[in-house]
2 protein chains.
Amino acid sequence: MLARVSSPTFKRLPRAVREQQMLDAAVKVFSRRGFHAASMDEIAEDAGISKPMVYAYLGTKEELFVACLHREGTRLMEAIAGAAAPDLPADERLWRGLRAFFGFVGAHRDGWAVLYRQARGERPFAAEVATMRGRLVEVVASMLDHALRAKGREVRGTDLEVVAYALVGASESLADWLADHPEADPEKTATRMMNVAWLGADRLLRGVTWHPPAD
Amino acid sequence: MLARVSSPTFKRLPRAVREQQMLDAAVKVFSRRGFHAASMDEIAEDAGISKPMVYAYLGTKEELFVACLHREGTRLMEAIAGAAAPDLPADERLWRGLRAFFGFVGAHRDGWAVLYRQARGERPFAAEVATMRGRLVEVVASMLDHALRAKGREVRGTDLEVVAYALVGASESLADWLADHPEADPEKTATRMMNVAWLGADRLLRGVTWHPPAD
DNA sequence: GAGCATACCTACTCGTGCGTAGGGTTACGG
DNA sequence: CCGTAACCCTACGCACGAGTAGGTATGCTC
């Protein structure tokens, strides 16, 4: 049809760059509107590009969402892994991991947190989320396991995993809370989480357990 | 048009009854398909009624979903409130509350749990969920507060609330886990949660707190 | 500077599914 | 036995938004 007339010079950019711009826009729009309410048109417009380009580079809407989730998730995991060196004592590792986690969430209040919250519920993304959560749970569980062995104790694998699961869940919830409270301090939130997690875990590690009453 | 021909006798039922049937169907379909993938047609069909009736009685799709959430949520809260009598000691109350909670979730694995998981993410329902969660947090927080005062201790309100929030979050996560593991035992899950929650809370109540290292 | 791949666009198609218009039938009070 | 209200239906309008067809321009290679 007619040649582009309005804009002086549309920069032609290499694929890798455009992809990042699209992902940036997608994260923004997805977290503002939610997966379903977000339209590909809006994402394209926000990225300063036309819709077919988005389809050409990142695929369908679902694939695009997964791509967002994946990029942000990887960043988060790297932040945590970078902070919690495996040769530290358990409490120190836990503390650093938590601090990195809440720091990241706090710095991406309306990006990561909202995306993740969505993904947990939406069927097609459950698998992706489960994988990421699984990695976290595994890390926490192995941390507890290390500490336990160091004390000569042993706990059934399932139990450990479930406890780890609970701790990760509590962290997720506080992350939600943090995302909803712009004035809240990530560091302080991490400390609070540490209080709940460590005081409980520490006792578990010492072999103290709670049993249901005879009833 | 033509009179109904196929079925011998369509029962004409009073509104209150039909509403419950519709809600039953809606819960079923919403949790199987997810909010967006669920169609009003399918819900109507499953309820054994035609679509306009659903609109006449329960309103739009969103309103219908909220109605589901509300009915099931109320049932859950009643189950918990009925189990955790306020004149029991804190640990006993916590234990009974948790047992009721996981019992309920376990008995509604593909009803309540899935609905709630959806609602947490979907924007328009966030408010509804926040309200319910708020009630739970309040209960837990006041429980801790009672126990604290009994020991002559005092903790800043915000701290208490955040700890309660974390505990509720951990429970939600284990509820998800329970919903995803049909073979798991609710009672045992409750015990595990109690271990994490109470061992931590008990120490907090004794005035033991964890502080970040000087760094 | 011809060829070719890559970046990029406008302008559609088309399914899906919410919500409604408009009308029929059974119960029940008077 | 007649009105009126509550129950219930079939059949459609219509907007919205995912995904595509088909074409243009620009840079890079040889």
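Computed over heavy atoms, backbone and side chain alike; hydrogens, waters and symmetry mates excluded.
- At the heavy-atom level, B/Met53 lies under 4.0 Å from base atoms of the strands shown.
- Judged by atom type and distance alone, A/Lys51 reaches the base of D/dG19 through a side-chain donor-acceptor pair under 3.5 Å.
- A donor-acceptor pair under 3.5 Å links the side-chain atoms of A/Lys61 to the main chain of A/Ala38, judged by distance alone.
- Other residues, nucleotides and ligands place more than 12 heavy atoms under 6.0 Å from the NE2 atom of A/His181.
- Considering only the side chain of A/Arg12, D/dG27 comes nearest among D/dG27, D/dA21, D/dG19.
- D/dA18 atom C1' lies 17 Å from atom CZ of A/Phe65, rounded to whole Å.
- Rounded to an integer number of Å, the gap from B/Asp41 CG to C/dC18 C1' is 9 Å.
- Regarding A/Lys61, its NZ atom lies at a distance of 11 Å from the C1' atom of D/dC16, rounded to whole Å.
- Look at CG on B/Leu13: it is 11 Å from P on C/dA27, rounded to the nearest Å.
- If you take CD of B/Glu19 and P of D/dC7, they are 9 Å apart, rounded to a whole angstrom.
- Residue-level contact check: A/Ala37 touches neither bases nor backbone, having no heavy atom under 4.0 Å from any strand.
- More than 12 heavy-atom neighbours from other residues, nucleotides or ligands sit within 6.0 angstrom of CD on A/Gln21.
- Distance A/Met40 CE to C/dA11 C1': 17 Å, rounded to the nearest Å.
- For the pair B/Tyr55 OH and D/dC12 P, the computed distance is 18 Å after rounding to whole Å.
- Considering only side-chain N and O atoms, B/Arg18 lies nowhere under 4.0 angstrom from the phosphate OP1 or OP2 of D/dA6.
- Separating the CG atom of B/Leu64 from the P atom of C/dG17 is a distance of 16 Å, rounded to the nearest angstrom.
- Not one side-chain nitrogen or oxygen of A/Tyr57 sits closer than 4.0 Å to the OP1 or OP2 atom of C/dT6.
- Residue-level contact check: B/Ser50 touches the bases, meaning some heavy atom is under 4.0 Å from a base atom.
- Applying the 6.0 Å contact sphere to CD of B/Glu72 captures more than 12 heavy atoms from other residues, nucleotides or ligands.
- Looking at heavy-atom distances under 4.0 Å, A/Ala44 makes no contact with the nucleic acid at all.
- Judged by distance alone, with hydrogens and angles left aside, the side-chain atoms of A/Ser31 form a donor-acceptor pair with the main-chain N or O of A/Lys28 at under 3.5 Å.
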